Novice: 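What follows is a single structure, and I will ask about it in a moment.
Keep in mind it's a predicted model, so treat the numbers as computed, not measured.
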Amino acid sequence: MAVKEAELRRKEAELLEREAQLKENERNSNLSRLPNFPYCWPVMYHNINVDIPRSNRRIMIWMYRSWLFCFICLFVNIVASLAVMLSHPTGVTSAARDFGVSIVYAVGIAITSFYLWYRPVYNAFMKESSMYFNFYFFFGGWHVLFDFYMALGIPGSGSAGIIYAMSLLSDDSSKFAGGVMCIVAAILWIMTGLMSLYMYRQAHWHYRIKGLTTDEAQNEAMKGVAKSGVLTALIRAA
């Protein structure tokens with residue numbers, strides 16, 4: 001009897017120890033996924049080396065660099081737009097408005113690009129999700145077009161690019177510095193546009209190699225709606 005009682009106590013102690021270890025592991029896992037991004041004001045968890053499978057990690061790192069490079073372009077665009085406004089180019093009346101719009105772009109594009117194409121492609125490579133890939137293909141395609149559009153520098157568009165550069169460089173020599181800044185901005189926009197286009201093609205190639213389809217994307221979307229309870233609510237309402 002004493003032997004059996006000792007054996008039961010030993011097993012009970014092992015179970016308690018195992019339960020405590022599981023709780024500790026769960027607590028550590030939750031702590032490791034605490035918000036860490038963006039670094040200045042963490043609101044979400046972001047870790048390519050942890051979330052993204054090794055086979056997809058390299059392309060995701062370049063996606064991340066492409067997204068960050070867009071910020072550099074937006075900042076340079078603000079400086080170039082300011083240079084245009086201070087140069088007072090002949091025949092240009094929208095320089096002040098372009099400077100204001102360039103600031104709006106810097107804030108708006110930084111936020112929308114993250115949620116509309118960067119986070120979807122992050123989730124796509126993390127989960128091999130057809131739905132997220134298609135989400136990225138739509139908004140990422142618009143992002144590529146936006147990059148090349150910004151390189152043009154159309155007056156009134158909020159960009160200081162090629163057209164503004166030509167206007168300033170063809171004016172008197174006092175506006176040369178502003179023209180150079182517009183050229184720099186245009187070159188950066190072309191570079192980020194080409195980089196974004198290349199990454200877009202890489203993502204599409206990966207999508208095809210994995211055999212993902214739009215039908216799978218639709219099924220994933222329907223499952224997501226069902227899990228959220230929206231579909232059940234609509235059926236009950238009908």
Side-chain angles (χ1 to χ4, degrees), residues 37-38 40-41 43 62-122 124 132-204:
F37 185 84
C40 57
W41 189 11
V43 294
W62 279 102
M63 283 284 187
Y64 181 56
R65 291 171 179 171
S66 173
W67 181 65
L68 291 179
F69 191 64
C70 182
F71 290 169
I72 297 175
C73 295
L74 290 167
F75 175 75
V76 173
N77 184 64
I78 291 175
V79 176
S81 297
L82 178 61
V84 172
M85 184 179 68
L86 297 178
S87 297
H88 302 290
T90 304
V92 175
T93 59
S94 60
R97 182 176 61 187
D98 284 326
F99 175 64
V101 174
S102 70
I103 296 175
V104 174
Y105 277 157
V107 178
I109 298 299
I111 297 173
T112 57
S113 63
F114 181 85
Y115 287 104
L116 292 182
W117 73 262
Y118 177 74
R119 192 66 190 185
V121 78
Y122 185 96
Y132 282 115
F133 269 116
N134 279 275
F135 206 82
Y136 163 72
F137 291 146
F138 181 78
F139 290 104
W142 282 107
H143 175 72
V144 173
L145 294 176
F146 173 79
D147 291 338
F148 290 113
Y149 169 76
M150 291 294 285
L152 294 176
I154 302 171
S157 67
S159 65
I162 297 171
I163 295 175
Y164 262 134
M166 294 173 60
S167 177
L168 289 169
L169 293 176
S170 62
D171 217 325
D172 61 76
S173 58
S174 64
K175 300 177 177 60
F176 180 78
V180 171
M181 281 303 307
C182 290
I183 291 176
V184 171
I187 291 173
L188 289 177
W189 280 118
I190 292 172
M191 287 175 62
T192 193
L194 292 173
M195 186 177 183
S196 298
L197 180 61
Y198 176 75
M199 299 313 302
Y200 187 92
R201 288 173 60 87
Q202 288 292 103
H204 194 266

Novice: Taking side chain as C-beta onward, heavy atoms only, is F139 less than 4.5 Å from Y118?
Specialist: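 They are not in side-chain contact.
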
Novice: Would you say that more than 12 heavy atoms from the other residues, nucleotides or ligands in this model lie under 6.0 Å from the CZ of F71, or not?
Specialist: yes

Novice: Atom CZ of F148 and atom OG1 of T192: how far apart are they, to the nearest 0.5 Å?
Specialist: 9.0 Å

Novice: Mind running side-chain contact (heavy atoms from CB on, under 4.5 Å) on F69 and M191 for me, showing each step along the way?
Specialist: CA-CA 9 Å; F69 191 64; M191 287 175 62; 4.1 Å; yes

Novice: Apply side-chain contact (heavy atoms from CB on, under 4.5 Å) to M85 and L82, showing your working.
Specialist: CA-CA 5 Å; M85 184 179 68; L82 178 61; 3.5 Å; yes

Novice: Flag the pair F99 / I78 as yes when at least one side-chain heavy-atom distance between them is below 4.5 Å, and no otherwise.
Specialist: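 Sidechains of I78 and F99: in contact.
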
Novice: Please test W117 against T112 for side-chain contact (heavy atoms from CB on, under 4.5 Å), starting from the C-alpha separation and ending with a verdict.
Specialist: CA-CA 8 Å; W117 73 262; T112 57; over 6 Å; no

Novice: Which heavy atom of A203 sits nearest a heavy atom of M63, and at what distance?
Specialist: CB-CE, 3.8 Å

Novice: Roughly how far, to the nearest 0.5 Å, is the OG atom of S66 from the CG atom of L194?
Specialist: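 Reported to 0.5 Å precision, the distance equals 11.0 Å.
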
Novice: For the CG atom of D147 and the SG atom of C70, what is their distance to the nearest 0.5 Å?
Specialist: 5.5 Å

Novice: Side-chain contact, heavy-atom cut-off 4.5 Å: S196 with H143?
Specialist: yes

Novice: Hey, can you tell me if W142 and F138 have their rings parallel, tilted or perpendicular (30° and 60° cut-offs)?
Specialist: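 Perpendicular: the ring planes of W142 and F138 meet at over 60°.
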
Novice: State which residue, out of F133, F137, Y198, fulfils the ring pair (Phe, Tyr, Trp, His ring centres under 6.0 Å) condition with H204.
Specialist: F137

Novice: Between D98 and V84, is there a side-chain heavy-atom distance shorter than 4.5 Å?
Specialist: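 V84 does not reach D98 side chain to side chain.
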
Novice: Could you report the tightest heavy-atom contact between A160 and A80, atom names first, then the distance?
Specialist: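 Here A160 and A80 meet closest at CB-CB, 3.6 Å.
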
Novice: State, yes or no, whether a side-chain contact exists between V79 and V184 at a heavy-atom distance under 4.5 Å.
Specialist: no

Novice: Using every non-hydrogen atom in the two residues, find where S94 and G156 come nearest and quote the distance to one decimal.
Specialist: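 Nearest pair, atom of S94 first, then G156: OG-N, 3.3 Å.
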
Novice: Looking at every non-hydrogen atom in both residues, tell me the closest pair between C182 and Y164 and how far apart they are.
Specialist: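 What the structure gives for the nearest pair is SG-CB, 3.8 Å.
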
Novice: Are any of the side-chain heavy atoms of Y132 and R119 separated by less than 4.5 Å?
Specialist: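 With C-beta onward as the side chain, the pair stays apart.
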
Novice: Show your working on side-chain contact (heavy atoms from CB on, under 4.5 Å) between F37 and F114 and close with a plain yes or no.
Specialist: CA-CA 12 Å; F37 185 84; F114 181 85; 3.5 Å; yes

Novice: Between S81 (side chain) and N77 (backbone), is there a donor-acceptor pair under 3.5 Å?
Specialist: yes

Novice: How many angstroms lie between CH2 in W67 and OH in Y122, if you round to the nearest 0.5 Å?
Specialist: 11.5 Å

Novice: Any side-chain heavy-atom pair from W189 and L74 closer than 4.5 angstrom?
Specialist: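 Sidechains of L74 and W189: in contact.
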
Novice: Minimum heavy-atom separation for L168 to S87, with atom names?
Specialist: CD2-CB, 3.8 Å

Novice: About how many Å separate CG of L197 and CD of Q202, when rounded to the nearest 0.5 Å?
Specialist: 10.5 Å

Novice: Given side chains that start at C-beta, do those of L152 and S157 come closer than 4.5 Å, heavy atoms only?
Specialist: no

Novice: In Å, rounded to the nearest 0.5 Å, how long is the span from SG of C73 to CD1 of I190?
Specialist: 10.5 Å

Novice: Closest approach of I154 and S159, non-hydrogen atoms and distance?
Specialist: N-OG, 3.7 Å

Novice: So for atom CZ, which belongs to R65, do other residues, nucleotides or ligands contribute more than 12 heavy atoms lying within a distance under 6.0 Å?
Specialist: yes

Novice: Using 30° and 60° as the class limits, which term best fits the ring planes of Y200 and Y136: parallel, tilted or perpendicular?
Specialist: tilted

